[in-house]
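For reference, the structure is listed below as structure tokens.
Throughout, a chain's letter reflects where its sequence line sits, starting with A, and its residues are numbered from 1.
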Protein chains: 2
Amino acid sequence: MKLTAKGRYAVMAMTDLAAQGAGALIPLSDIAARQKISLSFLEQLFRQIRRAGLIESQRGAKGGYRLEQAAADISLDQIILAVDEPIKTHGCTPEARHGCTGSSERCLTHDLWGALESHIGAFMSSVTLADVVAGRVTPSIVLDMEAAE
Amino acid sequence: MKLTAKGRYAVMAMTDLAAQGAGALIPLSDIAARQKISLSFLEQLFRQIRRAGLIESQRGAKGGYRLEQAAADISLDQIILAVDEPIKTHGCTPEARHGCTGSSERCLTHDLWGALESHIGAFMSSVTLADVVAGRVTPSIVLDMEAAE
DNA sequence: TTAAACTTGACTAAAATAGTCGGAATTACT
DNA sequence: AGTAATTCCGACTATTTTAGTCAAGTTTAA
Ligand code: FES
Ligand code: FES
């Protein structure tokens, strides 16, 4: 998935929301103030996140947002995919018969991009909102990795 | 490091160069034709890669480029850093006293971005050109990772 | 009735991307 | 000496993407 400021704001806001407790309705203006994000921008983001089914909303006075699922069941890639395009590391399109060089075969680097993509994806799908809120941000994958070095 | 088409082209071209054999001088026009990359664009990229010390050049007729070091000693991040800006996952600047929310403390997601960055960096620095050319594209880190799941 | 809050789609300024272009310098070959 | 091949260089630009803004709603609690 793409890594932009938009995605970062989405994760920050969702982390804030998760940190406010489970069932309470939190108005966006609170999150905007705490995280110093423009309210209009947050509205745009939360619209997309809601359509992705990660949060539910209550309109009107005393309304707000709350997580649709438990924080431990919401992974980072879900959030980022809700607001940004998926990352595209390959130069070729999967449906096209030919690779990125125009020939019919895959280029030398094709597998590399796939490996990179799955490497990043493994991180993003393994970290949940609950992990971030708890400061338990290094999943076992990374721990193993760093221990091996 | 940033992941753009520019970086992808740089890696493709360097992989091509590495695949042509160790000591030979390869003109850019050959690589451009094989990889279907614009020659002007390649020139721009190779200029930067040379300045980074990864390749050496010979001007004039029968000139070209060759790797400065062994393919096994050139990692992906070196190539990508040569042509693109480093990736920036954090919202805050390291030198600034305050975090991305304006307060003096780090935001809830600060450590997350650091972990993500090191996770991606570990991949990029562990894969070498020799790995890519040999199709040995999955480093032990990824193997370990997938085995652990 | 009013104010707080979400909902929507369209709009935009600025930045980044993905190159192009024109020419200059260097070297091998004849 | 001349020519063709090739690297080297800086500046330029069209397009796309980013990071928002804006105006006008709708819904609900008090
Ligand atoms: S990336 Fe798929 S063929 Fe080059
Ligand atoms: S990313 Fe460093 S303080 Fe938010």
Side-chain angles (χ1 to χ4, degrees), chain A residues 1-13 17 20 24-33 35-68 80 82-89 91 100, chain B residues 1-13 17 20 24-33 35-68 80 82-89 91 100:
Chain A
M1 56 285 330
K2 209 175 265 185
L3 304 172
T4 65
K6 193 169 170 183
R8 183 168 56 228
Y9 284 144
V11 172
M12 284 176 62
L17 180 56
Q20 303 310 313
L25 282 166
I26 311 291
L28 270 194
S29 49
D30 284 13
I31 301 182
Q35 303 298 325
K36 295 280 188 305
I37 305 175
S38 140
L39 178 58
S40 324
F41 195 30
L42 264 190
E43 285 173 343
Q44 189 190 97
L45 298 181
F46 270 56
R47 197 193 315 182
Q48 297 180 265
I49 298 174
R50 186 178 55 83
R51 284 179 184 150
L54 303 182
I55 52 181
E56 55 188 359
S57 62
Q58 166 78 36
R59 301 175 78 165
K62 299 275 178 182
Y65 291 93
R66 73 164 67 101
L67 298 183
E68 175 101 29
I80 293 183
V83 301
D84 266 329
E85 302 297 308
I87 218 172
K88 197 179 154 296
T89 51
C100 60
Chain B
M1 55 285 332
K2 209 176 266 185
L3 304 171
T4 65
K6 194 169 169 183
R8 183 167 56 228
Y9 284 144
V11 172
M12 285 176 63
L17 180 56
Q20 303 310 310
L25 281 168
I26 310 291
L28 271 195
S29 49
D30 285 12
I31 301 183
Q35 303 298 326
K36 295 281 189 305
I37 305 176
S38 140
L39 177 58
S40 324
F41 195 29
L42 263 189
E43 284 173 346
Q44 191 191 95
L45 298 181
F46 270 56
R47 203 190 315 179
Q48 296 181 265
I49 297 173
R50 185 178 55 82
R51 285 178 185 150
L54 303 183
I55 53 182
E56 56 189 357
S57 62
Q58 166 78 36
R59 301 176 77 166
K62 300 273 177 181
Y65 291 93
R66 72 164 66 102
L67 297 184
E68 176 101 30
I80 293 183
V83 300
D84 265 329
E85 301 298 307
I87 218 171
K88 196 177 155 297
T89 52
C100 59

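- Checking the phosphate oxygens (OP1, OP2) of C/dT20, a side-chain nitrogen or oxygen of B/Ser38 falls inside 4.0 Å.
- In this model, the phosphate group of D/dA5 is not approached by any side-chain N or O of B/Ser29 to a distance below 4.0 Å at OP1 or OP2.
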Would you tabulate the nitrogen or oxygen pairs shorter than 3.5 Å linking the protein to nucleotides 27-30 of chain D?
residue: D/dT27; atom: O2; partner: A/Gly60; partner atom: N; Å: 3.2
residue: D/dT28; atom: O2; partner: A/Ala61; partner atom: N; Å: 3.1

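- One interatomic measurement links the two molecules: CD1 of A/Ile31 to P of C/dA5, which rounds to 12 Å at whole-angstrom precision.
- Between B/Leu42 and B/Ala13, the shortest heavy-atom contact is CD2-CB, 3.7 Å.
- As rounded to whole Å, 13 Å separates atom P of D/dT18 from atom CZ of A/Arg8.
- When distances are taken from the side chain of B/Ala5 to each of C/dT8, D/dG20, C/dA18, the shortest belongs to C/dA18.
- With DNA chain D read from its 5' end, the first of the two nearest nucleotides for A/Glu43 and A/Lys6 is the one closest to A/Lys6.
- Comparing B/Gln44 and B/Asp30 along DNA chain D, the residue whose closest nucleotide (by nearest heavy atom) sits nearer the 5' end is B/Asp30.
- OP1 or OP2 of D/dT18 lies within a sub-4.0 Å distance of a side-chain N or O belonging to A/Lys2.
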* To do: List the steps and the verdict of side chain to side chain contact (heavy atoms under 4.5 Å, CB included) for A/Leu67 and A/Leu17.
  => CA-CA 8 Å; A/Leu67 298 183; A/Leu17 180 56; 3.8 Å; yes
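- Here C/dG22 presents its C1' atom at 14 Å from CG of B/Leu39, a figure rounded to the nearest Å.
- Note: CZ (A/Arg47) to C1' (D/dA24) measures 13 Å, nearest angstrom.
- To the nearest angstrom, P of D/dG20 lies 14 Å from CD of A/Gln48.
- Overall, the helix from C/dT1-D/dA30 to C/dT30-D/dA1 carries an axis bend of 10° between its ends, with five pairs at each end and the value rounded to 10°.
- Atom pair A/Ile26:CD1 and C/dA4:P shows a separation of 18 Å (rounding to whole Å applied).
- From B/Ile49, atom CD1 reaches atom OG of B/Ser57 across 12.0 Å, with rounding to the nearest 0.5 Å.
- Set against C/dT7, C/dA5, D/dA19, the side chain of A/Arg50 has C/dT7 as its closest nucleotide.
- Atom P of nucleotide C/dA18 and atom CG of B/Leu42 are separated by 14 Å, given to the nearest angstrom.
- Annotation: side chain of B/Lys62 is not in contact with side chain of B/Leu25 (no heavy-atom distance under 4.5 Å).
- Here B/Tyr9 reaches the OP1 or OP2 of C/dG19: one of its side-chain N or O atoms lies under 4.0 Å away.
- By the 4.5 Å heavy-atom criterion applied to side chains, A/Gln48 and A/Val83 are counted as neighbours.
- Contacts of B/Arg51 with the nucleic acid, taken as non-hydrogen atoms under 4.0 Å apart, involve only primed sugar atoms and P, OP1 or OP2.
- With a 4.5 Å cut-off on side-chain heavy atoms, A/Glu43 and A/Arg47 do not count as touching.
- For the pair B/Leu45/B/Lys6, a side-chain contact is recorded, criterion being any heavy-atom separation below 4.5 Å from C-beta on.
- Using a 4.5 Å cut-off on side-chain heavy atoms (C-beta onward), A/Cys100 and B/Met12 make contact.
- The side chain of B/Ser57 contributes an N or O atom lying less than 4.0 Å from OP1 or OP2 of D/dC8.
- Across all strands, B/Phe46 comes closer than 4.0 Å to no nucleic acid atom at all (heavy-atom distances).
- Rounded to an integer number of Å, the gap from CG of A/Asp84 to P of D/dG20 is 12 Å.
- The closest side-chain heavy-atom distance from A/Arg66 to A/Glu56 is below 4.5 Å.
- Residues A/Ile31 and A/Tyr65 form no side-chain contact, since every pair of their non-hydrogen atoms from C-beta on lies 4.5 Å or further apart.
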